[in-house]
Amino acid sequence: MKEIVTVQVGGFANFVGSHFWNFQDELLGLASDPSGDPVFKNDALNMDVLYRTGETQQGTLTYTPRLLSVNFQGSLGSMSSFGTLYNEVASTPPDVLTWTGNVSTHACEPRKRNLFLQRLYEEEQDSLTQENAVNGGKNKPQREIEDEDIVEVLENGVQYWTDFSKVHYHPQSLYEMSGLWVGVQEFDSYGIGRDTSWALREEISERLRFFVEECDHIQGFQFIVNDSGGFSSVGADFLENIADEYTNTPVLLYAVKDPGSHMVPKSQKQVVSKNLHDAISFSRLSSFCKLIVPVGLPSLRRTSTFLCVEDEKPYHCSAVYASALHAISLPFRMEPLGPSADSCYFSGAVDIRGVVEILAGQARQNRVTILDVAMPAPSLTGKQVEQSFLGNLQTLTPEISEDVEDLQAVESMTIHGALGSGGHRAPVSEVKDMVRAAYENATTRPRFCNLSVALCPLPIPLPFPKIFGNLVGQHGELLGSPVDSPLRGSLDVHSIPLAARLRSSSAVLPFLENRLGNIRRLGIQQGAAGAEIVRNLGYGKDELEDMGETLSKMVLELDPYSQMSSDSD
C-alpha cells in the first residue's frame, strides 16, 4: 500500500475537496451496509491510501482523511478547527504582565448547524443514546429531519464548504490562517498572498509533516489550489517547501478556478493585473510539481447536455470537478495484480508516479495536462457506441484548442461503473474492448492511452447538488424520454457511470501562449503596462524573465516551431 497525502489550499479548492471526501465517505458507508449494492462490496479499492487510522483521547478508533486543508479563519462555518471527533481544548488569552487594568473578553456566538449537519449530529447522538438506553437510560424523541428539507436547504443556503461535508477530520487537518478572516481582508492579489505565506510557512509545513511521517511508502501528494487571488501565492510557496523537503515525492497539482474568477475586470489596470497574476501564478505553481492540471471553465452550463449547473454557485461547480478528480484517483488505490492475474472488479492500477511518467516522462517532457470528463458516461449499447463515448468527453480545462491532431499526444483514462445492455454494469473486459475499438476507429488517436477500469460507479451522497437533468435515471442511465422533474439530485440519482481523462496534448498551447504573451507584453517589455504592478508584487525584471523562460520552454516542448517560444519581443 502506497499512501497519498492530500492538500487543499483556498476556498474553492476546499469546496472541491469537500465533495471529493463525501464520495469517499459514501463508498465506505456502502461497503459496510449489509443491504447495500454488492458492486460496492469488494476489496478492489484500498481506502487506506487516502485515509489514516487513529485514536481519540477516550480510546475510540478513528478513520480520517490524510488531509491538510488551508483557508481563512472563520471559513469552517459551524465546524471547529479541531474537527468533530476530538475534544477541543478551550484557549485562554495569555496574561499581559505589563497591563494592570481590567480585561474583558468578547466572543461571538458559534454559527448554527444547518439541517444537514443537525441530522448528522443527531444520528451520532442516537448511537450514544441507544447505548445509554441499554444501561437504563431513556430515549428522547427527536424531530425527524426529512431528506427533501435537507436538499432544499443545501441548494439555497451553502456558504461554507463544511455546510455540506459529511466527513470527520483530524485536528491537524484543518488549518485556519492566523490573522486572516473570511470576508474581512482583501485577498485578491498575488502579492498579498506572497506577504502572508512566508509568515505561515513553518506552521503549515509542520502540519504536513505530521501526515507524511506516518506514511510507510508515500506515493505522492494530491494538491488542489485556488489559482486565483492570494491563495495561489500561498500554494506556490508551500509547494516550494514540499519540493525542497520531499524532493523525490511527486506532486499531482490541480490548479482550480471557480467561474467567478473568470469575470472580466472593469478597468484596464485591473485587466493588466489579472493577466499578470494568471501568468505569474501558473509559472510559479508549475515549477514545483511533476504534473499540473488547470481546471475551471468560465461556465459549466454547456459542459454536458445532461447537467444543469448554476455557475454562480461554488457548491454546484465544485461537484463536477470533484467527480472528475475522484475518477482520476481511482487507479492510485487499486491493488496491483500480477502480470497474469485478472480481476472482475478493476483493471489498470497505477500510482501517481506512474501517471506522471506516462504523461510527462515520454519523448515529450510536457507537464501541463488537460482534464476531460463524461458525466454521466453513456451506456455501451447502441450504434456507433465507440464514437459517442469519446465524443461525450468534455474538457474542464480552459483556453484550449478543439479538434487538434497531435500525433505525440498521450492519455490516461479512467472509466468506472459503465453500463451495458439492459442497464447492467458492463464487465471490465467489455469496457476495455470498447475503448480499444473506439480509438481504432477514431480519426485522430493518441500515441498511447493508459486505461483504468473499475466496476464500481460514482455514488451520489445526500449532500450532492441537484445538477442532473431530466434525462438521467436512478443509476445514471441516459433515458429515452425526459422525466417530470427538470432537476434531479441525490434523491433521484443514486449513482452514475463516469469517465475522466488526463491528456498531454498540444491542444493546451493557447493556454500556455496566452500566459507567455502576457508576461512578456505586460511585464518584461520596455515600458510595459504592468511594470509598476510587478514591482509592487516584489519581483524584479530578472525574476520575470526567468518565468518567461519557463513558459517559453513549455511552449517549445509542444511546438518546436512556435514563434512564441522565441525570446525576441
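Each residue takes its place number in the sequence, starting with 1. Given the structure is predicted, the values throughout are model-derived calculations rather than measurements.
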Novice: Listed by chain and number, what are the side-chain hydrogen bond (donor to acceptor under 3.5 Å, both in side chains) partners of S286, not counting sequence neighbours?
Specialist: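 For S286, no residue satisfies side-chain hydrogen bond (donor to acceptor under 3.5 Å, both in side chains) once neighbours in sequence are set aside.
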Novice: Relative to each other, are the rings of H475 and H494 parallel, tilted or perpendicular (30° and 60° limits)?
Specialist: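 Rings of H475 and H494: perpendicular, as their planes differ by over 60°.
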Novice: K166: which residues meet the side-chain hydrogen bond (donor to acceptor under 3.5 Å, both in side chains) condition with it, sequence neighbours left out?
Specialist: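 Only D25, E26 meet the side-chain hydrogen bond (donor to acceptor under 3.5 Å, both in side chains) criterion with K166.
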Novice: Does R113 pair with E122 as a salt bridge, N-O distance under 4.0 Å?
Specialist: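 So R113 does not pair with E122 through a salt bridge.
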Novice: Decide salt bridge (charged side-chain N to carboxylate O under 4.0 Å, His left out) for K466 and E152; before the verdict, give the C-alpha distance in whole Å, the side-chain angles of both, and the deciding distance to 0.1 Å.
Specialist: CA-CA 9 Å; K466 294 174 69 173; E152 184 68 21; 5.5 Å; no
Novice: Is the shortest distance from a Lys or Arg side-chain nitrogen in E123 or R119 to a carboxylate oxygen in the other one below 4.0 Å?
Specialist: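 Here E123 pairs with R119 in a salt bridge, since their nearest N and O are under 4.0 Å apart.
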Novice: Would E3 and R66 pass as an ion pair if we require N to O under 4.0 Å?
Specialist: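 A salt bridge is absent here (no side-chain N lies under 4.0 Å from a carboxylate O).
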Novice: Please identify each residue that fulfils side chain to side chain contact (heavy atoms under 4.5 Å, CB included) with H316, with sequence neighbours left out.
Specialist: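 Side chain to side chain contact (heavy atoms under 4.5 Å, CB included) list for H316, sorted by chain: E155, V309, E310, K313, P465, I467.
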Novice: Please enumerate all residues that pass ring pair (Phe, Tyr, Trp, His ring centres under 6.0 Å) together with Y160, with sequence neighbours excluded.
Specialist: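 By the ring pair (Phe, Tyr, Trp, His ring centres under 6.0 Å) rule, Y160 matches no residue at all.
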Novice: Please identify which of these residues, V355, I352, L253, meets the side chain to side chain contact (heavy atoms under 4.5 Å, CB included) condition with L291.
Specialist: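 Result for side chain to side chain contact (heavy atoms under 4.5 Å, CB included) with L291: V355.
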Novice: So that I know where these two stand, are H326 and H19 an aromatic pair - ring centroids less than 6.0 Å apart?
Specialist: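 No.
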Novice: So, using side-chain hydrogen bond (donor to acceptor under 3.5 Å, both in side chains) as the criterion, who are the partners of E411 when residues are at least two apart?
Specialist: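 With sequence neighbours excluded, E411 shows a side-chain hydrogen bond (donor to acceptor under 3.5 Å, both in side chains) to Y439, given in chain and number order.
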Novice: Out of the candidates F20, W21, Y321, F164, only one should pair with F15 under the ring pair (Phe, Tyr, Trp, His ring centres under 6.0 Å) rule; please name it.
Specialist: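 Of all the options given, the one that passes is F164.
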Novice: Any pair with a residue in residues 368-378 that passes salt bridge (Lys or Arg N to Asp or Glu O under 4.0 Å), sequence neighbours left out, goes on the list, sorted by first then second residue, please.
Specialist: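 Residue pairs with at least one partner in residues 368-378: D372-R501, D372-R503.
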Novice: Would you mind checking if R301 and E312 are paired as a salt bridge, meaning a charged N to carboxylate O distance below 4.0 Å?
Specialist: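 So E312 pairs with R301 through a salt bridge.
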Novice: Going by heavy atoms in the side chains, are V251 and V7 under 4.5 Å from each other?
Specialist: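 No, their side chains stay 4.5 Å or more apart.
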Novice: Is any side-chain heavy atom of I292 closer than 4.5 Å to one of F282?
Specialist: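 A side-chain contact under 4.5 Å exists here.
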Novice: Might you point out which heavy atoms bring A426 and V431 nearest each other, and give the distance in Å?
Specialist: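 Scanning both residues completely, I find the closest heavy atoms to be CB-CG2, 4.0 Å.
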Novice: Is the closest side-chain heavy-atom distance between S32 and L28 below 4.5 Å?
Specialist: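 No; the side chains remain at least 4.5 Å from each other.
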Novice: Within a strict 4.5 Å, meaning less than it, do heavy atoms of the L208 and F221 side chains meet?
Specialist: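 Yes, their side chains come closer than 4.5 Å.
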Novice: With distance as the sole test, does S323 use its side chain to make a donor-acceptor pair with the main-chain N or O of A319 at under 3.5 Å?
Specialist: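 Side chain of S323 to backbone of A319: a pair is present.
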Novice: Do I204 and L68 have side-chain heavy atoms sitting under 4.5 Å apart?
Specialist: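 Sidechains of L68 and I204: in contact.
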